[in-house]
Amino acid sequence: MKLYTQLKDTIEKNLPDLAGAVFDFQPSPENQPGDFGLACFRFAKQLKTAPPKAAEMIAALEFPAIVEKVEQAGPYVNFTLDRSAFATSLVDNVMSEGGKFGSLNRGAGTPVLLEHTSINPNASPHIGRARNGLIGDSLARLLKFEGYDVDVHYYVNDMGKQIGLLALQTEGKGELSFDNVLEEYVAANERAKNDPAFEQKGFELLMKMEQGDPEVKKTFGGIVDICLAGQLEVLARLGLGYDRFDRESSFLSDPRMDEVMAMLKEKDALFTDEDGRTVVDLQKIGWKREEGRYIVLMRANGSSMYMYRDIAYTLEKIERAEGHNYIVLGEDHKMYFEQLALIVSALGKKPPEAIFYNYILLSEGKMSTRQGTVVLLSDFLDEVTSRAREKVTEQWPDMPAEEQAEIARMIGIGAVRFTILSVKPNKNVIFDWDEALSFTGDSGPYIQYSCTRIASILRKYTGSDSVEDIPRPEGAVTVTHDAEWSLLTRLALLELDVQTALDQPNIALLATSALDIARRFSAFYNACPVLNADSEDVKKSRIAICMAVRQALINLLGILGIEAPERM
RNA sequence: GGGCAAUUAGCUCAGCUGGAUAGAGCGUUGGCCUCCGGAGCCAAAGGCCGCGCGUUCGAAUCGCGCAUUGCCCA
C-alpha cells in the first residue's frame, strides 16, 4: 500500500540508522488508539536503544498530512489517519479501476499453462473430484485477473484398465449412455474382483490398446467420448471450462522420450528387471529414500507405461508454457509427482508447480467411484439449486419462472463453489449435507446477498431498474461512523490479499476476504442508513461506499467463479 | 516399516511470511423490522491452539520428538 511506503520513507529520512529496516505495520487492536500501528522490536537495536525508546523517537517525527495523529504505546507506535482523506482516495481508486480493482496486473500478458481436473473418464464426477477442478478453475481466474494469459489443459486418461472393463461389461448392450456409467462401472469392478478371467480379458484389451490396435482404439475412444462429454457437462454447470484436451493415447510413444532415455542411460539409472520390464532407479539421479525408488517405464513387450506417457506429456507442456506451469493434483499423487518431477529435473527442465489438495470425506468414510459410495456433484448441485429456487420463489413470487431459475442457478453455484473453495486445499474436508446446503452465515449466498442489498439501494437511489454504469456521486467521501471505517480499511487490504493468494497459491484466502468484507458491509448496513442518512453529504458518501464495496465483492466473487445477482 | 500432509470453541473452519486481549459460521441463550431486503444485525456463553522439549525480547505460527487422522510407497 502506498500509505505504508510514505510512512516508511518519512521514518528512514529522519532516522538514517534505519535504512533498509523491516517495518511491520498492522491494524491496531480494538483497545488501542489509532488506525494501525508499528511494532518496534525488530529494529530497536539498530537505533541502539530499547523498543519503547525507539517508538518514542518515531512518534516524535513529522508525518504527511494524511496522518492525523501519532502516539507511542510501549514498544508500539499508533497512527491515526485523516479518515475522510483516506476514504476519498480509496473510493476514487476503486471506481477508476473498476473490474480491475485489487489487481496489480503483474502478469502483463505473460502466457501461463494450468492443468486441472483431468478426471479418469468413467462415471459422473463426485464432489471430491470437483475440488480439483474448482481449485484449478479459480486459480485460472485469479491468474487472468492479474493479467496472465492462461491456457487451461485437461489430460484425458483414455487408456486405463477401467475402460477395458467397461468395454467388456457393456459389450453387446448397445450404445452406452452416460447415465448408466456409474452402475456399469461398479458392476464391472465387482465382476473383476470375483472373476479373474474377466479381469484378465480387460487387461488384454488394455495391452492391445497400448500396442495401438485400431479396433480396440476405436472401442476405447467411443467409451471415453461418452464419459468425457457427460463429465464435462456436469463440470460446465459449475462454471468449469477448458482450452485444450490432451489425450494420453497420443503419447504412446514420443520422440521427446529419446532424450529422456538417453539421459537415464547415461546416468546408469536404467535397467531391465526379471520380468523384462524397463525400470528407472531414481536413486541414480538423486532420490533420497528407498520407498518409490524404482519406477517402471516400459513393459517387456516394449509398450509404454503410464509414467512414460506422463513424462512425455509433461515435456510437451513445458515446451508450451512460457511463464508458470501449474498442475492441480490430489494428495494421492504426491509421491508419484515427486518421481516425475525428479526425472524432468534431471533433464535440466523445470517441472510444473503442483498444487495438492486433500480428499473430501463423508462422515461415513471415504468416497469411491469404484464402489459407488459417492456424493455426485450433479446431485449436490440439483439439491442446492432446488432449495435456492424455493427461496427465490418465496421472495419474488411474481417474477417470471425463467428468471427465478436463473437466479437459483447462480445461488446454487455460489453455495457449492464457496463450500469447497473456502477450505485450504491441504486439509481433509468432512462433507456434511446440512451444512453444505445452508445459505446462512459463512456461505457464498451470504456474500451474494450483500451484493443484492447494495443493488437494491442503488436502484432506489437512481430510480433506475439497472445498477450498471451509475456515476459515483461527486465530491469527497466523509467518514462519520466506525462501521464505515472498518469496512473501508478492509477494502484497502484487498490488493494485498490478491497478491498473497497468488504467491502461495491459496484461493481459500480470497473466499475469506470476500466473507470478511461482506460481514463488515452487513454491520455497516445495519448501523448506517444510506438513503435516509442525516445529511445529503453523508448520503452521497455512503452511496459511494456502497458502490466501492459492490465492485470489490464482484471482483472477488469473479475470481471464485461466483456471479452476483442483482436480486435474489 | 518409511515418506508427505493435517491436528485451533460441542461441530465445521479462518488466523497471510513470529508481534498488542487467538477469530468466524453452525448449534445454545438473550435482544433487534412504524426505518434502504431478517439469506440480516447486536450481545452472552464456549479455548492447555493434540502432548512434550527447544529456538528468542516474544510462538497457534519456526525446529525436534511423541500421539492421532488422511494419503502414498514396498
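Worth saying up front: this structure is predicted, and the values here are computed from it rather than measured. Chain identifiers are assigned alphabetically (A, B, ...) following the order of the sequence lines, protein sequences preceding nucleic acid strands; residue numbering begins at 1 within each chain.
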For this session: Classify every nucleotide of nucleotides 22-41 of chain B by which part a protein heavy atom approaches to under 4.0 Å, writing B for the base, S for the sugar-phosphate alone and - for neither, in 5'-to-3' order.
Result: --BSS--------SBBSBSS
For this session: Would you mind building the protein contact string for nucleotides 68-74 of chain B? One character per nucleotide, 5' to 3', B for base within reach (heavy atoms under 4.0 Å), S for sugar-phosphate only, - for untouched.
Result: --BSSB-
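One finds a salt bridge joining A/Arg409 and A/Glu563 here, because a Lys/Arg side-chain nitrogen approaches an Asp/Glu carboxylate oxygen to under 4.0 Å. Comment: A/Arg459 does not engage A/Asp465 in a salt bridge, judged by the lack of any side-chain N to carboxylate O separation of less than 4.0 angstrom. With respect to the salt-bridge test (charged N to carboxylate O, under 4.0 angstrom), the residues A/Asp503 and A/Arg106 qualify. Salt-bridge formation is not detected for the pair A/Glu338/A/Arg293: no Lys NZ or Arg NE/NH1/NH2 atom is positioned less than 4.0 Å from an Asp or Glu carboxylate oxygen. In this structure, A/Glu383 pairs ionically with A/Arg387, as a charged nitrogen and a carboxylate oxygen lie closer than 4.0 Å.
Nucleotides B/A60 and B/A20 have their P atoms positioned 10 Å apart, rounded to a whole Å. Taking atom P in both B/C73 and B/U56, the straight-line distance is 41 Å, to the nearest Å. B/C41 and B/G2 have their P atoms separated by 50 Å, with the value rounded to a whole Å. For B/U21 and B/C64, the C1' atoms lie 31 Å apart once the distance is rounded to whole Å. On the C1' atoms, B/G58 is 28 Å away from B/G46, given to the nearest whole Å. B/U55 and B/G47 have their C1' atoms separated by 26 Å, given to the nearest Å.
Atom C1' of nucleotide B/U17 and atom CG of A/Asp497 are separated by 14 Å, given to the nearest angstrom. Residue A/Gln32 contributes atom CD, which lies 10 Å from atom P of B/A20 at whole-angstrom precision. One can place NZ of A/Lys288 at 13 Å from P of B/C4, the figure rounded to the nearest angstrom. Here B/C4 presents its C1' atom at 17 Å from CD1 of A/Ile355, a figure rounded to the nearest Å. Across the protein-nucleic acid pair, A/Gln504 atom CD and B/A14 atom C1' stand 13 Å apart, rounded to whole Å. A/Gln72 places its CD atom 17 Å from the P atom of B/A20, with the value rounded to the nearest Å. Remark: C1' of B/C13 and CD1 of A/Ile360 are 14 Å apart, rounded to the nearest angstrom. When the P atom of B/C42 is taken as reference, atom CZ of A/Phe521 falls 13 Å away, rounded to whole Å.
Counting non-hydrogen atoms under 4.0 angstrom, A/Gly37 reaches a base of the nucleic acid. Across all strands, A/Leu509 comes closer than 4.0 Å to no nucleic acid atom at all (heavy-atom distances).
The listed nucleotides are B/U7, B/G15, B/C57; the one nearest the side chain of A/Lys45 is B/C57.
Across A/Ala269 and A/Lys284, no two heavy atoms sit closer than the pair CB-CB, 3.6 Å. For A/Glu115 against A/Ile327, the heavy-atom pair with the smallest separation is OE1-CD1, 3.2 Å.
Under the Watson-Crick and G-U wobble criteria, each requiring two contacts below 3.5 Å, nucleotide B/U56 is left unpaired. Of the nucleotides present, B/G10 is the one that pairs with B/C26 by Watson-Crick or G-U wobble criteria, both distances under 3.5 Å.
Other residues, nucleotides and ligands contribute only 12 or fewer heavy atoms inside 6.0 Å of the CZ atom of A/Arg129.
Contact between the side-chain N/O atoms of A/Lys424 and the OP1/OP2 oxygens of B/A6 is not found at any separation under 4.0 Å. At the phosphate of B/U7, OP1 or OP2 sits under 4.0 Å from a side-chain N or O atom of A/Lys427.
Of the two residues contacting RNA chain B, namely A/Pro33 and A/Asn506, the nearest-nucleotide position lying further toward the 5' end is that of A/Asn506.
Taking 4.5 Å as the limit, some side-chain heavy atom of A/Leu143 sits within range of a side-chain heavy atom of A/Leu502.
Aromatic ring orientation, A/Phe79 versus A/Phe63: perpendicular (interplanar angle above 60°, classes split at 30° and 60°).
Judged purely by atom type and a 3.5 angstrom limit, A/Gln404 has no side-chain atom pairing as donor or acceptor with the backbone of A/Pro400.
We find that the ring of A/Tyr76 and the base of B/A20 stack, their centres lying under 5.5 angstrom apart and their planes tilted less than 30°.
For B/C66, the O4'-C1' to base torsion is more than 90° from 0; the nucleotide is therefore anti.
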